[in-house]
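Owing to the predicted nature of the structure, the values given are computational and were not obtained by experimental measurement. Order of listing sets the numbers, starting from 1, for every ligand and every atom in it.
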Amino acid sequence: MNILRSNHQQIEDVRPATADDRQSPAKALFCGDILQASLWPFPDMDAEKSDSLNLVVESVDRFLADRQEDFQRWDRDGGQPEEFIEALRELGLFGLIIPEEFGGIGLSNAAYSRVLQQCSRFDSSASLTIGAHSSIGMKGLLLFGTDEQKNRYLPALASGELIAAFCLTEPGSGSDAASISTSASRQDSGDWLLNGEKIWITNGGVANFYTVFARTDSPAGKVSAFLVERNFSGVSSGKNEHKLGIRASSTTSVFFDNVRVPAANLLGEEGKGFKIAMSILNNGRTGLGGGAVGGMKGCIALSVQQAMERKQFGRSIGEFGLIKKKIAAMAVDCFAAESVVWMVAHLIDSGHPDYSTEAAISKVFASEAMCRTATEALQIAAGSGYMQELPYERIFRDSRILTIFEGTSEILRLFIALSGIRDSGRLLQDVSEAFDDITSNPIKGFGLLADYAGRRLGNLASVGQNRIVGAVPDELRDDALVFEKYTLELGRMTDVVLRRHGKSIVEKQFALERLADVAIDLFVGLCVLSRVSSMNNDSSEQYRQAISIAHVFSQQAKRRMNRGLRAMLHNEDEAAKSLAAFLFEAKEYPWDTYRV
Ligand SMILES: Cc1cc2nc3c(=O)[nH]c(=O)nc-3n(C[C@H](O)[C@H](O)[C@H](O)COP(=O)(O)OP(=O)(O)OC[C@H]3O[C@@H](n4cnc5c(N)ncnc54)[C@H](O)[C@@H]3O)c2cc1C
């Protein structure tokens, strides 16, 4: 995904800025505001929906819990057998988010994310086969399809007769997804001729329904989205890739060689394909986030058992402080990731007009938390964790993809910061236009933004409405004050950065990353506080420990945010850039101790 183009595309149809923009609670943080009403009370699920979710979760448990040996074998073999895919079909797991009228289960985003969580507790590859189908493979049809297209495809997608894949990435186009070269040329008949190659497509080998992005040969040459069946002549897939992790999940190239795609299979409007791709990815992020949370819960269960059973120096290793510290850190990470993923899933379900920044935050936080958790779980198991007999090394390998696909952590941090910077209910029309201009005319765009920054600094000084202390339990008052204080600090620093860098902010990636990190800590922390505030204050140990988690997260976040904000002004960024430039020139590490 190209961060600049993606930002631009996502906002291009919704200018000028309105009060709705400001309702994005994550973006508001960059203006120094906490939109308490968007985050409190912590979202709940009504009893009826909880019951049906329980049924699905229980059937996933029954189906996957005892298959560890299978998962291990399929990981070694690099593929899932057809019987397993068939069993997923029979369980209805391909129809999770498809409305009941089309034969699916019709789960909400939140419930779906919870089901993927359950799948990932047992195996990431199994979760991914289901997730790539629903979160991205056929999500475009759900979000943008016509009634005719839905009637034609959704029943078969719900039953799993059709399995879906999302085809965006190409050999020359990864993060810069807007640069794809797969072409779609319109024929006199109105049909399209599709040519090109997509790579690393999840479910590529098992899918028979592809959402494909291609550049149309209209004068604007814009990207459009197409619904493509495997049985269209000219569609083929390559061999399964040999990968580090998620080895049982099918990842292949998909080729389109003069594929005739009927006019009726254009998805959404011609030329809006990039926006469609980004909307699909945004909407699907809580699937991946839920998967990460499930992986963490699985790791915690394994690690707790290992810590209690493994004895060294005459004691369970769980008695040692450094092992306790790891277990506690896993729980804090998991609780925080679960809170933010759940919050974002409900924002999506509630029809919130703009959740892209929140979704990106949930993806970055949950995926990185899962990577930390998998690393520490393996470390606790140590030598045993390194061996293939136990699942740690597979979980460790599987987790590594999470920060890479569906938007790398780097790209998403840039996206979070840039979309936050442009936000504000106080944005004036010219500033909004300036943001659009950043992609087409950066100099003009940032000139206007710099003017705006000066005006806004005055506004920010008078902000005093962030009173979330009243919304949290007494024990968390100090923690709430941390988030109030650092939200104002983020707002101020956003202004300082805009004033300091003006039009060149877009190239100041060190600064953007720091702003994003503060926003991530703030948003995730607020979700944690909101969740704990909504828990039954029943003096149980579980509640007491939840309070403790919120406290630990807040205090650790405070230290991170403080460090990050200080580093905005005092840092070694120029030295780092110079060192990288030197190494690019030297082509290798040039020092050696024996030459001192
Ligand atoms: C197992 C697997 C499954 C996948 N499944 C799918 C799928 O189903 N469908 C699909 O379409 N794609 C899929 N992908 C592709 C995946 O989405 C891309 O790998 C991802 O978007 C990153 O692209 P890239 O690998 O080409 O990295 P690049 O874009 O080449 O990036 C390389 C590095 O540079 C960084 N970088 C790039 N641009 C910038 C920038 N402007 N500023 C700072 N840093 C930058 C990146 O963060 C990364 O660290 C899959 C990939 C894998 C490995």
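The atoms of ligand 1 that sit less than 4.0 Å from any heavy atom of Glu406 are 17 (O). Interface atoms of ligand 1 facing Ile201, defined by a heavy-atom separation under 4.0 Å, are 7 (C), 8 (O), 9 (N), 10 (C), 11 (O). Applying the 4.0 Å criterion to heavy atoms of Ile246 picks out, from ligand 1, the atoms 1 (C). Heavy-atom contacts of Ile404 reach the following atoms of ligand 1: 20 (C) (cutoff under 4.0 Å). Taking every non-hydrogen atom of Thr169 and a distance limit under 4.0 Å, the qualifying atoms of ligand 1 come out as 10 (C), 11 (O), 12 (N), 13 (C), 14 (N), 15 (C), 16 (C), 17 (O).
Comment: Asp217 does not engage Arg186 in a salt bridge, judged by the lack of any side-chain N to carboxylate O separation of less than 4.0 angstrom.
Considering each of Tyr210, Trp200, Phe166, the one bringing a non-hydrogen atom nearest atom 4 (C) of ligand 1 is Trp200. If you check each of Lys198, Glu513, Gln509 against atom 42 (N) of ligand 1, the one with the closest non-hydrogen atom is Gln509.
With sequence neighbours excluded, the residues that form a salt bridge (charged side-chain N to carboxylate O under 4.0 Å, His left out) with Glu393 are Arg397. Evaluation of the salt bridge (charged side-chain N to carboxylate O under 4.0 Å, His left out) rule for Arg514 yields Asp573 as partners, not counting sequence neighbours.
No cation-pi contact links Arg394 to Phe122, judged by a cut-off of 6.0 Å to the six-membered ring centre and 45° from its axis.
Geometrically, ligand 1 and Thr408 share a nitrogen or oxygen pair separated by less than 3.5 Å.
Defined by atom type and a distance below 3.5 Å, a donor-acceptor pair is missing between the side-chain atoms of Ser409 and Thr403.
Between the Asp398 side chain and the Ile246 main chain, a donor and an acceptor come within less than 3.5 Å of each other.
A side chain to side chain donor-acceptor pair (under 3.5 Å) with Asn265 is found for exactly one of Gln149, Glu229, Arg152, namely Arg152.
With a 4.0 Å heavy-atom cut-off, ligand 1 is reached by the side chain of Leu414 but not by its N, CA, C or O.
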